[in-house]
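A short write-up of the structure that comes next.
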Amino acid sequence: MVNDQNFGTSTRYAVIGSPIAHSKSPLIHSLFAEQTKQNLTYEAIEVLEADFESFVNAFFESGGGGLNVTVPHKERAFAMAEVTTPRATLARAVNTLSLNKAGQLEGDNTDGAGLLNDLHLNHKVSIESKRLLILGAGGATRGVLSAIADLANKPAAITVANRTVAKATALASDFAPRLAIFAVGYDELHDQQFDVIINGTSASLGGELPPLLPSLIAPNCCCYDMMYAAEPTLFLKWAKANGAAQAIDGLGMLVGQAALAFTRWRGVAPTTNEVILALRQGF
Ligand code: ATR
C-alpha cells in the first residue's frame with residue numbers, strides 16, 4: 001500500500017473488531033486528545049472477519065491516520081502489515097496499524113508494553129530480577145513476553161504455566177532465542193513461590209480459575225489480571241484471599257496500550273493515571 005499523504009497529518013482514527021459496541025477505546029482516546037490538546041476523531045467500528053483486509057485498505061486509502069485492532073483480528077493484522085515492530089513480530093499479533101513515511105502498512109503490538117507501563121508507572125512494581133509467573137499460553141501471554149524481551153533488565157526467572165502444557169512448551173521454544181522460559185503444567189508449580197503473578201488466561205471470562213496453590217504467593221507478591229470488570233475477577237479475589245500485597249486488574253493495561261498507540265500516531269505521550277481514574281468512576 002503506498003499512500004503517504006496522510007502521514008502525520010490525518011486526524012481520523014478508529015478501533016476495529018467484532019464485537020466492538022462496548023469498547024472503551026473511543027472514550028480513552030478522546031480523553032487523551034483533550035489532555036494533550038490534539039484535534040482528532042476516534043470511532044469504534046464493527047468489522048467482520050470477511051471484511052478485514054478490504055476495510056483496512058479503504059480506511060488508509062481514504063486518509064485515515066491509524067487503527068487499533070482487537071478480537072478477532074490481531075493475527076490477521078499481523079499477516080497484513082508490510083512492516084512490523086520487533087515486539088509485534090515476536091507476539092505474532094498486531095493491535096496498532098498506521099502508515100510509515102514510505103507509505104507502508106506498519107504494525108505494532110502495544111499490549112504487553114501497556115501492561116508493563118501500568119505496573120511500573122501506576123503501581124510502582126518492577127519485574128526486574130523478580131520471579132515471574134504467567135498463567136496461560138495464548139495471545140495475551142505472547143504479547144507480554146514480547147514486551148519483556150525488549151527490556152534491558154529482565155526478571156530473574158520466567159515461568160509460564162498452562163492447562164495444555166504442550167502449548168506452553170511451544171511458546172517457550174518460540175521465545176527461546178530472546179528469553180529463557182520454564183514451561184510447566186499447573187501441577188508442577190508446588191513448592192515454588194513467585195513475586196509477580198500475571199493472569200493471561202481467559203478463565204475468568206467463564207467464571208473459572210486455574211488450579212492455583214496459595215503457596216505460590218511470595219511475601220510482597222503482586223498479582224495482575226489482564227482482564228477487568230466492574231467487580232474483582234476470581235483471580236484477584238483468590239490473590240487477596242491468599243495474602244497478595246497487590247491485586248491489580250487490567251484496566252490500566254487497556255489504557256496503557258492505548259497511550260502507546262496514541263504516542264505512535266500523534267508524537268505526544270499522554271499520561272494514563274487520570275484516564276484510568278475517570279474510567280473507574282464510570283463503572
Ligand atoms: P488469548 O489470545 O486471549 O490469550 P487464547 O489464545 O484462546 O486467548 O488463550 C486462552 C488461554 O487461557 C489459554 O492458555 C487457555 O489454556 P489452554 O491452552 O489449556 O486452553 C487458558 N484458559 C482458558 N480457560 C481456562 C481455564 N478454565 N483454566 C485454565 N486455563 C484456561
Side-chain angles (χ1 to χ4, degrees), residues 15-20 22-25 49 52 68-79 84 87-96 107-116 118 132-149 158-175 179 181-190 192 194 197-214 216-217 223-229 232-239 242 249-254 256-258:
V15 59
I16 57 175
S18 181
I20 203 70
H22 298 292
S23 171
K24 295 192 188 305
S25 293
E49 288 202 59
F52 177 75
N68 280 135
V69 178
T70 188
V71 178
H73 302 311
K74 289 186 188 182
E75 287 79 17
R76 289 275 281 278
F78 173 68
T84 50
R87 60 194 180 191
T89 310
L90 213 45
R92 286 199 244 128
V94 155
N95 77 332
T96 304
D108 192 9
N109 186 320
T110 65
D111 288 329
L115 185 161
L116 296 183
D118 185 42
L132 172 65
L133 170 63
I134 308 182
L135 312 174
T141 295
R142 282 184 181 274
V144 182
L145 289 170
S146 66
I148 293 174
I158 304 171
T159 302
V160 170
N162 199 42
R163 191 170 55 177
T164 313
V165 184
K167 213 161 134 187
T169 312
L171 179 147
S173 75
D174 284 351
F175 280 82
L179 291 175
I181 296 170
F182 299 104
V184 298
Y186 290 106
D187 56 352
E188 294 170 75
L189 284 173
H190 40 245
Q192 295 194 56
F194 297 91
I197 305 177
I198 298 174
N199 183 19
T201 74
S202 49
S204 18
L205 285 178
E208 289 174 5
L209 185 67
L212 302 170
L213 297 171
L216 294 174
I217 295 179
C223 289
Y224 194 105
D225 200 334
M226 292 200 219
M227 302 265 165
Y228 68 89
T233 63
L234 271 183
F235 172 69
L236 295 182
K237 284 184 184 156
W238 171 84
N242 292 292
D249 72 15
L251 186 65
M253 174 183 180
L254 177 74
Q257 63 76 28

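Counting convention: from 1, in listed order, for ligands and their atoms alike. Please read these numbers as outputs of a predicted model, since none were measured by experiment. We number each residue from 1, following the sequence as shown.
Checked options Leu135, Leu115, Leu133; the residue passing with Ile198 is Leu115 (criterion: side chain to side chain contact (heavy atoms under 4.5 Å, CB included)). For the side chain to side chain contact (heavy atoms under 4.5 Å, CB included) with Ile181, the qualifying choice from Thr159, Leu145, Ile134 is Leu145, the only one to do so.
Counting protein heavy atoms only, atom 19 (O) of ligand 1 is closest to Thr164 OG1, 2.5 Å. Looking from atom 5 (P) of ligand 1 to the surrounding protein, the closest heavy atom is Gly138 CA, 4.1 Å. Among all non-hydrogen protein atoms, the one lying nearest atom 23 (C) of ligand 1 is Ser202 OG, 3.3 Å. The protein atom (non-hydrogen) at minimum distance from atom 21 (C) of ligand 1 is Thr201 CB, 3.7 Å. For atom 14 (O) of ligand 1, the closest heavy atom belonging to the protein is Asn162 OD1, 2.7 Å. For atom 2 (O) of ligand 1, the closest non-hydrogen atom of the protein is Gly139 N, 3.2 Å.
The minimum heavy-atom distance linking Gly143 with Ser146 is given by the pair O-OG, 2.8 Å. Heavy atoms only, all atoms of each residue included: Phe52 and Val69 are closest at CE1-CG1, 4.1 Å. Closest approach of Ala140 and Gly200 over heavy atoms only: CB-O, 3.8 Å.
Asp108 is linked by a salt bridge (Lys or Arg N to Asp or Glu O under 4.0 Å) to Arg87, Arg264, counting only residues two or more places apart in sequence or in another chain.
In this structure, Tyr186 places its OH atom where more than 12 heavy-atom neighbours from other residues, nucleotides or ligands lie under 6.0 Å away.
Listed by atom number, the atoms of ligand 1 under 4.0 Å from Glu208 heavy atoms are 26 (C), 27 (N). Those atoms of ligand 1 with a heavy atom of Gly136 less than 4.0 angstrom away are 14 (O). Within ligand 1, counting atoms from 1 as listed, the ones closer than 4.0 Å to a heavy atom of Ala140 are 1 (P), 2 (O), 4 (O).
In terms of polar-atom proximity, defined here as any N/O pair under 3.5 Å, Pro210 makes no such contact with ligand 1. An N or O contact shorter than 3.5 Å links Lys167 to ligand 1 by distance.
Under a 4.0 angstrom heavy-atom cut-off, Ala137 registers as being in contact with ligand 1.
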Between Asn68 and Asn95, does the side chain to side chain donor-acceptor pair (under 3.5 Å) criterion hold? Intermediate values first, please.
CA-CA 5 Å; Asn68 280 135; Asn95 77 332; 5.2 Å; no

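The presence of a protein heavy atom under 4.0 Å from atom 16 (O) of ligand 1 is confirmed.
With a heavy-atom cut-off of 4.0 Å, Arg163 touches ligand 1 through backbone and side chain alike.
For the residue pair Asp225/Thr233, the side-chain donor-acceptor check at 3.5 Å is satisfied.
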